[in-house]
Amino acid sequence: MSRSRQPPLVTGISPNEGIPWTKVTIRGENLGTGPTDLIGLTICGHNCLLTAEWMSASKIVCRVGQAKNDKGDIIVTTKSGGKGTSTVSFKLLKPEKIGILDQSAVWVDEMNYYDMRTDRNKGIPPLSLRPANPLGIEIEKSKFPQKDLEMLFHGMSADFTSENFSAAWYLIENHSTTSFEQLKTAVTTLKRQANKKSEGSLAYVKGGLSTFFEAQDALSAIHQKLEADGTEKVEGSMTQKLENVLNRASNTADTLFQEVLGRKDKADSTRNALNVLQRFKFLFNLPLNIERNIQKGDYDVVINDYEKAKSLFGKTEVQVFKKYYAEVETRIEALRELLLDKLLETPSTLHDQKRYIRYLSDLHAPGDPAWQCIGAQHKWILQLMHNCKEGYVKDLKGNPGLHSPMLDLDNDVRPSVLGHLSQTASLKRGSSFQSGRDDTWRYKTPYRVAFVEKLTKLVLSQLPNFWKLWISYVNGSLFSETAEKSGQVERSKNVRQRQNDFKKMIQEVMHSLVKLIRGALLPLSIREGEMRQYGGWEVKSELSGQWLAHVIQTIRLTYESLTALEIPNDMLQTIQDLILDLRVRCVMVTLQHTAEEIKRLAEKEDWIVDNEGLTSLPCQFEQCIVHSLQSLKVVLECKPGEASVFQQPKTQEEVCQLSINIMQVFIYCLEQLSTKPDADIDTTHLSVDVSSPDLFGSIHEDFSLTSEQRLLIVLSNCRHLERRTFLNIAEHFEKHNFQGIEKITQVSMASLKELDQRLFENYIELKADPIVGSLEPGIYAGYFDWKDCLPPTGVRNYLKEALVNIIAVHAEVFTISKELVPRVLSKVVEAVSEELSRLMQCVSSFSKNGALQARLEICALRDTVAIYLTPESKSSFKQALEALPQLSSGADKKLLEELLNKFKSSMHLQLTCFQAASSTMMKT
């Protein structure tokens, strides 16, 4: 039979690959003239003519069967054209293994069913329905020992359904020799499977859409055929039978698979529950994790977990999630209370306070925990300050004898300045001075001084952290970044409201500090109603100036430390006022104590005179004042921000009066020493000054002084005080910025001059009266008569005796102080000349010899003491000479001159002291 047409030619197939029973569309040329012309169709060697449907000469639709070859040609055979050829090929893919519960759009060949229960992974439950080869490539088991893999991947697993799945372990174990290209193909397969699972039932419908259409077409064709035949509504018709068959098939299938499907539903629900637990295990485990982390103190972890849970489940409508989130909120509320308790707990460090505040801020705690902490810290500081005072007061009452400074030297715990000075003076004089007290002074701190030190130390240890806490509160550094952003506006309002409250807190702390110190050191400066709260020391003795200076230095350092914190000065003004009051009090107490020490200087007088006629007393007096002023140097200095001690007129007046009192006390000591009876003079402590000339050997022999000698020594000291000591002291007062120095000097000088004049008059009275009283008896001794006397042969003995007595006074004064000689002898000569003038004026008449004798004696006395003549004594001598008759002859004058020369020559030795004094005065 000859062919009238060309052989068929296949030029295309769609799709060009697929699994068995895939529906394909074949396109080409000369594919037949009709369905009856198509007699053969093979794809990959498998006959597909049974499913072929001829559409046109260029299109055929069919299904691919179970071919032996993976890839082959599409051969079409027709009656008119014979066996054709193909320019394209079809690739047959291996079908996926479908489980008994998997959805499928086509009938599954049960002979090729893959039973999971016969798989080599025996430990896996069949309901998990996991694929044995998820990568879709051939598995090649490696030769690596299982133990080595377990050691290499410790705690991991090669099971891809495990939580600890290790991809590296799985690849080593199953695909150690697989090429990289195959692994890339496996990645594509995995992505496809993932997409397929995500699509779910919709993907299943899409995949079997053509099958559903074919079934629909078949049912429609049957329906139309039955309608055409008229048997649609006939009992026992084909459709009725078919319906019954299908119902029985459905019931039978349900009966067969009911148990399996029930187990599947249960497994699905269990799996879904496990998936939910696995997916949301963070929330379900969070309450327990919160408790554990709180016990460990890992508050940061708790806060982070809480923030995460709040963002995920804070607004959930799922009841289970709501229930567990409510448990979380309960735990967090307990944590807020715990952190707030720790925050308000005292004592605590600034670091811990900031940490707890930040935690509470992150947990969105209600209220203002930072301000609550500031308030608690404020109360704690005040409580510490009052407890400190109560503790010291209680100890003081329990041990009243301890740490109480006494003013008497025997019990004073401080080394005495005067004792040191007297010891130094005695050592200079070469004495064997033995101190009655141990040289190692036991320096004990009084209770009130120790209290001030402890109180200021306490404030300086607590207040800086308190201030820094406030600064952090103001600038927002207490809070985290999230809390800073969310609560910035609200917190700025709080800061403005809290600023005045915090200022009151600082002022309350400062006032408590100042009043507690005032109650201890200046009890009279606080009100009676506050004595119970801030006072109660019940100490009668006053702190010494040195201890007050120590306290002032302590409070100054406290003020500087508080200023360094940049606390405003107006908050610290009360401390400045306290420092000023303490400085004033220190000056007063020091001056009072100085006056008491000076009062005891009389006991230190050793009556040893140096070359200038002075004892150590003026030096001790000056050094005592200098030491006191030196101890006040730091107190009187004005630190930055401090006012002068002498700014108040009242203070100036009191200090001036105390300074005058010091001077007058010493003047009173001098007066007491000058008038002290001989029996009261203690000479056991006297020693010989071997470094000075022996000017008064008689004193050294028996170490006894007469009242006249004591008067001279005191007068010599007074003279030195007037000329040097008081002026030096005035300079020291001026150096230390004392006010009213002129008044101090004037009053002191006036008192000193008054004492000097009184003592001088006493001494002149003691020395001049005996000499004056001996003149009249001496003149008229032996019934001498001016009217009837022999010619003069020389100066009579009464005048010589008077001169000798004057020389004795000269010697006594010269022994004590050479500078006192002119002053004393001038007064003695005045008294003698005045008495002599009176006696001459009382004579009614003189004979020639009597007048010559009187003129001789008057001229002898006048010429002898000429160096000590004063206008008063010169006037007295003049009046005495005028009372005598004038010399009329030259012989009388010559005789007078000869007798005067004879007198001076015979008493030359006795009169040498007056000449020496004359030469000395001329040199000066």
Side-chain angles (χ1 to χ4, degrees), residues 706-709 711-712 760-813 821 824-870 872-885 887 892 895-896 899-900 902-911 913-914:
T706 63
S707 59
E708 293 86 353
Q709 289 174 327
L711 279 173
L712 286 174
F760 181 73
E761 290 175 356
N762 291 341
Y763 183 77
I764 295 300
E765 185 179 351
L766 290 174
K767 291 300 181 181
D769 285 357
I771 299 175
V772 171
S774 66
L775 288 179
E776 187 173 1
I779 290 176
Y780 295 105
Y783 301 102
F784 179 80
D785 188 2
W786 295 108
K787 299 177 183 179
D788 184 15
C789 61
L790 297 174
T793 58
V795 176
R796 290 185 294 168
N797 290 333
Y798 81 91
L799 188 60
K800 294 179 180 179
E801 183 180 351
L803 285 173
V804 169
N805 290 334
I806 293 174
I807 292 171
V809 173
H810 179 283
E812 185 178 59
V813 176
V821 171
V824 173
L825 289 189
S826 296
K827 282 295 182 182
V828 173
V829 170
E830 281 184 14
V832 173
S833 62
E834 183 180 354
E835 179 65 15
L836 193 58
S837 174
R838 184 187 68 82
L839 292 174
M840 294 297 107
Q841 292 177 4
C842 291
V843 177
S844 57
S845 61
F846 291 89
S847 63
K848 179 182 178 181
N849 291 334
L852 186 59
Q853 183 69 41
R855 186 175 294 278
L856 172 63
E857 292 172 352
I858 291 172
C859 291
L861 179 60
R862 184 192 62 185
D863 294 345
T864 301
V865 296
I867 190 63
Y868 301 115
L869 292 178
T870 62
E872 290 78 6
S873 58
K874 289 180 179 179
S875 175
S876 298
F877 279 120
K878 183 178 180 182
Q879 292 176 3
L881 291 175
E882 289 176 350
L884 301 177
L887 294 177
D892 292 341
L895 178 60
L896 177 62
L899 291 174
L900 281 173
K902 178 182 178 183
F903 165 74
K904 294 177 181 179
S905 176
S906 63
M907 294 193 68
H908 175 72
L909 181 61
Q910 289 81 357
L911 302 180
C913 62
F914 299 115

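Please read these numbers as outputs of a predicted model, since none were measured by experiment.
At a cut-off of 3.5 Å, with distance as the only test, no side-chain donor of Y868 or E830 sits close to an acceptor on the other residue. Defined by atom type and a distance below 3.5 Å, a donor-acceptor pair is present between the side-chain atoms of K787 and S844.
Considering only residues two or more places apart in sequence or on other chains, E812 meets the salt bridge (Lys or Arg N to Asp or Glu O under 4.0 Å) condition with K767. Residues forming a salt bridge (Lys or Arg N to Asp or Glu O under 4.0 Å) with K848 (at least two apart in sequence, or on another chain): D892.
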Audit row: S876, S873, side-chain hydrogen bond (donor to acceptor under 3.5 Å, both in side chains) steps and yes/no: CA-CA 5 Å; S876 298; S873 58; over 6 Å; no
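Inter-residue side-chain proximity for L803 and F903 is flagged as met; some heavy-atom pair is nearer than 4.5 Å. Here the side chains of Q853 and N849 are not in contact, with every heavy-atom distance at 4.5 Å or above. At least one side-chain heavy atom of T706 sits less than 4.5 Å from a side-chain heavy atom of Q709. A heavy-atom distance below 4.5 Å is not found between the side chains of L825 and V865. Considering only heavy atoms from C-beta on, L899 stays 4.5 Å or farther from V795 through its side chain.
Scanning all heavy atoms of the two residues, the minimum distance from L881 to R862 falls at CD1-NH1, 3.3 Å. Between S847 and D788, the shortest heavy-atom contact is OG-N, 4.2 Å. Counting all heavy atoms, side chain and backbone alike, F846 lies closest to A883 at CE1-O, 3.8 Å.
In this structure, L900 CG and E857 CD are separated by 10.5 Å, a value rounded to the nearest 0.5 Å. Within the model, atoms CG of L766 and CG of L711 stand 6.5 Å from one another, a figure rounded to the nearest 0.5 Å. Expressed to the nearest 0.5 Å, how far CG of L861 lies from CD1 of I858 amounts to 8.5 Å. Separation of atoms NZ (K827) and CD (E761) is listed at 8.0 Å; rounding is to 0.5 Å.
Although no hydrogens or angles enter the test, the distance criterion places no donor-acceptor pair under 3.5 Å between the side chain of E834 and the main chain of A831. Listed for the S837 side chain is no donor-acceptor partner under 3.5 Å among the backbone atoms of S833.
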Give every donor-acceptor pair under 3.5 Å between a side-chain atom in residues 773-784 and any protein atom, sequence neighbours left out.
unit_1: S774; atom_1: OG; unit_2: P770; atom_2: O; d: 3.4
unit_1: S774; atom_1: OG; unit_2: I771; atom_2: O; d: 2.7
unit_1: Y780; atom_1: OH; unit_2: W786; atom_2: NE1; d: 3.3

